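Written below as structure tokens is the structure these notes are about.
For clarity, every value in this text was computed on a predicted model and none was experimentally measured. The analysis underlying the following values was restricted to heavy atoms, covering all of them including side chains, and did not include hydrogens, waters or symmetry mates.
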Amino acid sequence: MVEAADLIIGIDAGTSVMKAVAFTLAGRQIASASVRNTYRTGEDGAVTQSLDQTWLDCTRALRGLAEKVEGLAKRTAAIAVTGQGDGTWLVGAENRPAGDAWLWLDARAAPTVERLAAADADRVRFSATGTGLNTCQQGTQLAHMDQYFPELLAEAETAMHCKDWLYLNLTGIRATDPSEVSFTFGNFRTRRYDDDVLAALGLTHRRSLLPEVIEGTQTVHPLTAEAAAASGLVAGTPVCLGYVDMVMTALGAGVRSEGRNAACSAIGSTGVHLLAKPVGDVVLNAERTGYVITLPIPGIVTQVQTNMGATINLDWLLQLGVDLLGEFGIPVGLDEMITRIDPWFAESRPGNILYHPYISEAGERGPFVNARARANFTGLASRHRYPDLVRAVVEGLGMATRDCYAAMGALPPELRISGGAARSVALRGTLAAALGAPVRVSSREEAGAAGASMMAAVAIGAYRTMDDCIADWVTPELGTAEPPAPQGTERMTRLFAAYSDVRRGIAPAWDILAAH
């Protein structure tokens with residue numbers, strides 16, 4: 001009996017884990033397999049990854065998935081790939097690596113970022129890309145290589161991203177997608193490369209390194225015989241190049257549904273906040289921060305702000321409790337402390353303590369950039385106890401979320417959230433109150449792989465449009481809307497005014513502290 005091609009495989013090549021996930025054509029996840037990612041760090045800020053090992057890990061994940069899904073190869077109607085964004089993956093002759101990849105975590109381009117950001121041409125670049133300069137990006141990394149490490153580019157023929165490298169190995173095609181192009185070297189309005197942006201980065205003479213741009217919902221390429229042998233899949237299977245993982249995750253988690261745009265936040269170690277909107281509604285801030293990243297829907301983009309520290313602030317505060325109890329011989333794990341967050345929050349009374357969640361040693365990046373920013377409590381009194389501090393930190397995450405969305409224009413009418421922290425009643429209520437908007441939780445487990453697979457579903461004709469696909473893949477996974485308590489919204493709005501004043505007023509002190 002010939003098995004029907006009824007599955008789509010989504011590959012999500014993250015920074016920590018390489019995943020392969022099987023979905024039905026209607027969006028039901030049936031199995032997943034993963035391989036732990038590996039990269040190297042250096043004292044000079046280098047963070048690099050082997051291209052060959054990354055492809056090997058991808059094939060291992062695909063073979064691991066086949067062990068869980070009977071008849072996977074013949075049942076696969078399409079393969080889709082997404083992955084970690086930014087970074088620089090150089091490819092040379094015969095599609096071989098031209099050295100190890102510089103990941104988005106690599107900090108070596110910092111002096112080049114400072115130089116380029118101070119130039120007048122950066123205003124033109126920001127107007128086109130809608131994206132602030134940082135060390136993560138391929139544009140600044142290539143500019144840094146061009147000036148300080150030209151030997152790295154000597155053997156390079158094409159500059160790719162992680163998912164592009166995997167697509168090359170799957171199909172033999174050198175290409176990238178509109179999302180990476182528009183926020184790095186292009187214009188989010190045209191979804192194409194922009195000569196003025198290349199000039200602002202000082203990379204006009206490196207234009208030949210940039211690959212062709214393909215739209216994955218319209219163009220697929222067949223799996224090569226070599227890739228089929230390596231992965232255990234069938235040669236000729238259509239392969240779709242997804243967009244960057246950040247927007248694929250947002251798409252899978254509900255940044256758009258029922259034909260309407262929405263907001264989506266992933267509250268993890270960092271906070272990632274995306275707001276879908278028509279191109280004409282994009283609001284670029286004076287500080288030149290954030291991203292504008294296209295969605296695989298004509299005329300629709302996401303504005304993005306990311307704050308450096310989200311749940312790591314809670315981890316810090318809870319670890320203080322773990323350490324203190326340990327001093328008295330009381331062993332308590334961090335996981336046990338995490339289960340106490342909601343009870344402690346409920347035990348505390350709403351007050352006037354502010355917490356600015358800049359606990360990361362790297363400072364803050366959204367909606368403002370300041371490597372010297374540090375966390376602080378404001379408004380403490382002798383009556384306050386540990387549960388009050390827990391409440392303040394949770395509310396600080398709500399304030400930081402509002403700060404990010406406010407930098408993109410009007411606050412969203414509804415927020416969809418994903419990530420482990422979404423299980424916290426306290427956090428959900430705080431986010432709703434901070435934004436004055438209902439919150440809905442997405443139950444989609446592998447949203448990034450799902451977002452890419454949705455593109456493939458449209459590409460092979462399983463759905464006519466992305467919105468048709470979203471109706472089956474996304475909307476049923478969204479929980480009931482949880483509205484904010486009116487008194488909570490009034491209080492958080494009042495506190496946010498003070499939060500903003502303190503944030504601006506304390507910045508000079510960060511410079512003094514950093515100098516000593």
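Only one option out of M454, M466, E258, R444 pairs with V474 in a side-chain contact (heavy atoms from CB on, under 4.5 Å); it is M454. No option in T88, N134, T15, D86 other than T15 meets the side chain to side chain donor-acceptor pair (under 3.5 Å) test with W104. Of the residues S360, S269, P357, the one that meets the side-chain contact (heavy atoms from CB on, under 4.5 Å) test with M308 is S360.
For the residue pair T306 and R365, a side-chain donor N or O sits within less than 3.5 Å of a side-chain acceptor on the partner. A donor-acceptor pair shorter than 3.5 Å can be found between the side chains of Q49 and N37. Between the side chains of R191 and S182, no donor N or O sits under 3.5 Å from an acceptor N or O. Side-chain polar atoms of H205 and D146 form a donor-acceptor pair below 3.5 angstrom. Counting only N and O atoms by type, the side chains of E477 and S443 include a donor and acceptor under 3.5 Å apart. Under 3.5 Å, the side chains of Q138 and T184 contain no donor-acceptor pair of N or O atoms. Between the side chains of T171 and H221, no donor-acceptor pair is found at a separation under 3.5 Å. With hydrogens and angles left out, the side-chain atoms of T190 and N187 include no donor and acceptor closer than 3.5 Å. Remark: the Y243 side chain and the E215 side chain contain an N/O donor-acceptor pair separated by less than 3.5 Å. Between the side chains of T129 and Y291, no donor-acceptor pair is found at a separation under 3.5 Å. Judged by distance alone, the side chains of T289 and Q305 do bring a donor and an acceptor atom under 3.5 Å apart.
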message = Pair W89, L51 - check side chain to side chain contact (heavy atoms under 4.5 Å, CB included), show working.
response = CA-CA 7 Å; W89 300 59; L51 277 75; 3.5 Å; yes
task = Evaluate side chain to side chain contact (heavy atoms under 4.5 Å, CB included) for T48 paired with L103, printing each intermediate quantity in order.
result = CA-CA 6 Å; T48 59; L103 295 197; over 6 Å; no
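Between V234 and L223, the shortest heavy-atom contact is O-CD2, 3.4 Å. Scanning all heavy atoms of the two residues, the minimum distance from Y193 to P211 falls at OH-O, 2.7 Å. Residue A459 comes nearest to G216 through the heavy atom pair CB-O, 3.3 Å, listed as atom of the first residue, atom of the second, then distance.
The side-chain tip of R374 does not point at the ring of Y358 from less than 6.0 angstrom away and within 45° of straight on. For the pair R28 and F23, the NZ or CZ position fails the cation-pi test of under 6.0 Å to the six-membered ring centre and within 45 degrees of the ring normal.
The OH atom of Y39 sits 8.0 Å away from the OG1 atom of T41 when rounded to the nearest 0.5 Å. Atoms CG and OG, from L478 and S257 in turn, are 5.5 Å apart once rounded to the nearest 0.5 Å. R115 CZ to D122 CG: the interatomic distance, rounded to the nearest 0.5 Å, is 11.0 Å. Note that CG of N95 and CH2 of W165 are 7.5 Å apart. Values are rounded to the nearest 0.5 Å.
Salt-bridge annotation for E446 and K19: present, with a side-chain N of the basic residue lying under 4.0 Å from a carboxylate O of the acidic one. With respect to the salt-bridge test (charged N to carboxylate O, under 4.0 angstrom), the residues K163 and D177 qualify. In summary, D52 and R96 engage in a salt bridge, as defined by a charged side-chain N under 4.0 Å from a carboxylate O. The residues E414 and R260 are annotated as not salt-bridged, no charged nitrogen and carboxylate oxygen being separated by less than 4.0 angstrom. A salt bridge is defined here as a Lys NZ or Arg NE, NH1 or NH2 lying under 4.0 Å from an Asp or Glu carboxylate O, and R503 with D403 meets this definition.
Residue E361 qualifies as open at atom CD: its count of foreign heavy atoms under 6.0 Å is 12 or below. By the 6.0 Å contact criterion, CD on Q147 is enclosed, its count of non-hydrogen atoms from other residues, nucleotides or ligands being greater than 12. Within 6.0 Å of atom CG in D195, 12 or fewer heavy atoms from other residues, nucleotides or ligands are found, so the atom counts as exposed in its surroundings. Other residues, nucleotides and ligands place more than 12 heavy atoms under 6.0 Å from the CG atom of D44. Summarising the local packing, CZ of R123 is surrounded by 12 or fewer heavy atoms from other residues, nucleotides or ligands at distances under 6.0 Å.
For R372, the salt bridge (charged side-chain N to carboxylate O under 4.0 Å, His left out) partners are D511, not counting sequence neighbours. With sequence neighbours excluded, the residues that form a side-chain contact (heavy atoms from CB on, under 4.5 Å) with V255 are A250, C264, L274, A276, L295, T302.
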